[in-house]
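Contents: one structure, followed by commentary.
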Protein chains: 2
Amino acid sequence: MSDDIRLNNQLCFPLYALSRQITGFYRPLLEQLGVTYPQYLVMMVLWEMESTSVKQLGQMLWLDSGTLTPLLKRMEASGLIARERSLEDERSVIVSITDKGRLLEREAEKIPTHIKCRLKMSDYEIITLRDHLKKILETTLESE
Amino acid sequence: MSDDIRLNNQLCFPLYALSRQITGFYRPLLEQLGVTYPQYLVMMVLWEMESTSVKQLGQMLWLDSGTLTPLLKRMEASGLIARERSLEDERSVIVSITDKGRLLEREAEKIPTHIKCRLKMSDYEIITLRDHLKKILETTLESE
DNA sequence: CCAATTTTAATTGTGCACAATTATTTTACA
DNA sequence: TGTAAAATAATTGTGCACAATTAAAATTGG
């Protein structure tokens, strides 16, 4: 019998565990800002882009409307974003940042440093691993 | 303003995305066995150990009783495991594999090969990355 | 021995993920 | 132009994750 079936020999398990572990590092920091990790991802997009569509957001974060719609409604309720149907295409919903959302960027500034500190990895190691993971993502996406 | 706040410069995002991507590769394969990915993790433990406690399971998978209790109840309902209070320590719940659970191992045998195929990575690359992630997990755990 | 503390699961409540379906709008094209 | 097909969100339903609380059993210290 192959050892491939053993928990400790799998790639996916440490990936899954580390992903949860690191989002756990974010949690207390993000809690102070009143957002969750997936909501923080949306904010990062909007801090760069000011506004985007649900579809684009889904493509960037690889999340579907089943996840995004309720998440964005919660963010709208907390005043960080606005949602409105596009005038050019009524199927599309435009998500845009509010003043409150823009202000949050200042408060979030120190988060990356805090996380880096928890990771106990050199900048080089972080960048190398990040780019490796991104490369695997791109490669596996092609085959879908 | 630091670029650390940009989505594409973060380590956690590709980690989070790749973890979901790969569990997505497992989904159709595991669906045929009637289990989810977290349930498959439990089965992998039981294929090795035959029986264990909820506490031990939680330590191995880094999941708490809030996640495990309902998950194990669903697995009990589908006949893969049994749950019973320990006689020595009534606080503890023993989770053990059933005949049906043991039979599932045969059906799961080809899964690792399928996943490897989807990953498009060499054995060396998989092992190296897996061990790297495990090392980061251990290191970050120490600091909790 | 007994009360205080600790350990272990279960429960409760919130928020993702994601498959499948539905509803609406837009596009293509005969 | 009018209708079939495609695109876009929303909805519905299931199953994790995880914090916080509760309940019961075991351990410890006096």
Side-chain angles (χ1 to χ4, degrees), chain A residues 12-13 16-32 34-43 52-59 61-78 80-81 83-95 144, chain B residues 12-13 16-32 34-42 52-59 61-78 80 83-95 144:
Chain A
C12 191
F13 176 60
Y16 159 81
L18 188 57
S19 171
R20 285 190 296 126
Q21 163 98 326
I22 298 184
T23 56
F25 290 168
Y26 278 95
R27 196 167 296 114
L29 304 173
L30 294 177
E31 198 172 12
Q32 294 184 282
V35 294
T36 64
Y37 183 72
Q39 291 175 16
Y40 177 61
L41 294 178
V42 171
M43 291 312 298
T52 182
S53 68
V54 171
K55 178 183 167 60
Q56 266 195 323
L57 211 45
Q59 285 170 343
L61 305 180
W62 299 332
L63 293 169
D64 69 7
S65 68
T67 301
L68 285 175
T69 298
L71 184 154
L72 294 172
K73 280 181 179 174
R74 282 187 287 272
M75 293 181 76
E76 186 181 34
S78 56
L80 297 172
I81 65 165
R83 293 160 68 244
E84 52 180 353
R85 289 276 164 188
S86 162
L87 295 179
E88 303 92 63
D89 185 341
E90 291 273 349
R91 293 170 304 182
S92 180
V93 167
I94 304 300
V95 177
E144 299 232 49
Chain B
C12 192
F13 177 59
Y16 159 82
L18 187 58
S19 172
R20 286 189 296 125
Q21 163 98 324
I22 299 184
T23 57
F25 291 167
Y26 277 96
R27 197 167 295 115
L29 304 173
L30 295 177
E31 198 172 11
Q32 293 184 283
V35 295
T36 63
Y37 184 72
Q39 291 175 16
Y40 177 60
L41 295 178
V42 172
T52 183
S53 67
V54 171
K55 178 184 165 61
Q56 267 195 320
L57 211 44
Q59 285 169 342
L61 305 181
W62 299 332
L63 293 169
D64 69 8
S65 68
T67 301
L68 286 175
T69 298
L71 184 154
L72 295 171
K73 281 182 178 174
R74 282 187 288 270
M75 293 180 76
E76 186 182 35
S78 56
L80 297 172
R83 295 161 66 245
E84 52 181 352
R85 290 273 164 190
S86 163
L87 295 178
E88 303 93 64
D89 185 340
E90 291 272 349
R91 292 170 304 182
S92 181
V93 167
I94 304 300
V95 177
E144 300 233 45

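Chain identifiers are assigned alphabetically (A, B, ...) following the order of the sequence lines, protein sequences preceding nucleic acid strands; residue numbering begins at 1 within each chain. Atom set for the values below is all heavy atoms of this structure, side chains included, hydrogens, waters and symmetry mates excluded. Computed from a predicted structure; not experimentally measured.
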Quiz item: So, B:R85 side chain and B:R91 main chain: donor-acceptor pair closer than 3.5 Å or not?
Solution: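 Flag set: sc B:R85 to bb B:R91 pair under 3.5 Å.
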Self-check item: Under 3.5 Å donor-acceptor, B:T69 side chain and B:G66 backbone
Solution: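 Flag not set: sc B:T69 to bb B:G66 has no pair under 3.5 Å.
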Quiz item: With A:T36, which residues qualify under side-chain contact (heavy atoms from CB on, under 4.5 Å), at least two apart?
Solution: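 So A:T36 forms a side-chain contact (heavy atoms from CB on, under 4.5 Å) with A:P38, A:Q39.
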[X] has an atom [atom1]; how far is it from atom [atom2] of [N], in whole Å?
X     : N      : atom1 : atom2 : value
B:L30 : D:dC16 : CG    : P     : 11 Å
A:L71 : C:dG15 : CG    : P     : 10 Å
B:L72 : C:dT11 : CG    : P     : 12 Å
B:W62 : D:dC18 : CH2   : P     : 12 Å
B:E88 : C:dT7  : CD    : C1'   : 16 Å
A:L68 : D:dT11 : CG    : P     : 14 Å
B:E84 : C:dT8  : CD    : P     : 18 Å
B:E76 : C:dA9  : CD    : P     : 15 Å

Pairwise N/O distances under 3.5 Å, protein to nucleotides 6-8 of chain D:
residue : atom : partner : partner atom : Å
D:dA7   : O4'  : A:R91   : NH1          : 3.3
D:dT8   : OP2  : A:K55   : NZ           : 2.7

Exercise. Please state whether the phosphate of D:dC16, meaning OP1 or OP2, lies under 4.0 angstrom from any side-chain nitrogen or oxygen of A:Y16.
Key: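 So the side chain of A:Y16 is outside the cut-off, no N or O lying under 4.0 Å from OP1 or OP2 of D:dC16.
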Quiz item: D:dC16 phosphate, OP1 or OP2: any side-chain N/O from B:K73 under 4.0 angstrom?
Solution: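 The answer is no; no side-chain N or O of B:K73 sits under 4.0 Å from OP1 or OP2.
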Quiz item: Between C:dA17, D:dC18, D:dA10, which nucleotide gets closest to the side-chain atoms of B:R20?
Solution: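 From the listed options, C:dA17 comes nearest.
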Quiz prompt | A:L57 and its side chain to side chain contact (heavy atoms under 4.5 Å, CB included) partner, picked from A:V93, A:T52, A:L41, A:L63 | solution =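 Of the listed options, the one satisfying the test is A:T52.
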Quiz prompt | Option from B:T23, B:L29, B:I22 for which side chain to side chain contact (heavy atoms under 4.5 Å, CB included) with B:Y37 holds | solution =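 One option only clears the test, and that one is B:T23.
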Quiz item: Contact class for B:Q56 (heavy atom, under 4.0 Å): base, sugar-phosphate, or nothing?
Solution: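 Counting heavy atoms under 4.0 Å across all strands, no contact is made by B:Q56.
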Quick one: which protein N/O atoms are closer than 3.5 Å to N/O atoms of nucleotides 19-23 of chain D? Pair and distance per line, please.
residue : atom : partner : partner atom : Å
D:dA19  : OP1  : A:R27   : NH1          : 3.1

Identify the heavy atoms of [X] and [Y] that sit nearest to each other, and give their distance.
X     : Y     : result
A:L61 : B:R20 : O-NH2, 2.9 Å
A:S19 : B:Y16 : OG-CA, 3.4 Å
A:S92 : A:S53 : OG-CB, 3.7 Å
B:R83 : B:L72 : CD-O, 3.7 Å

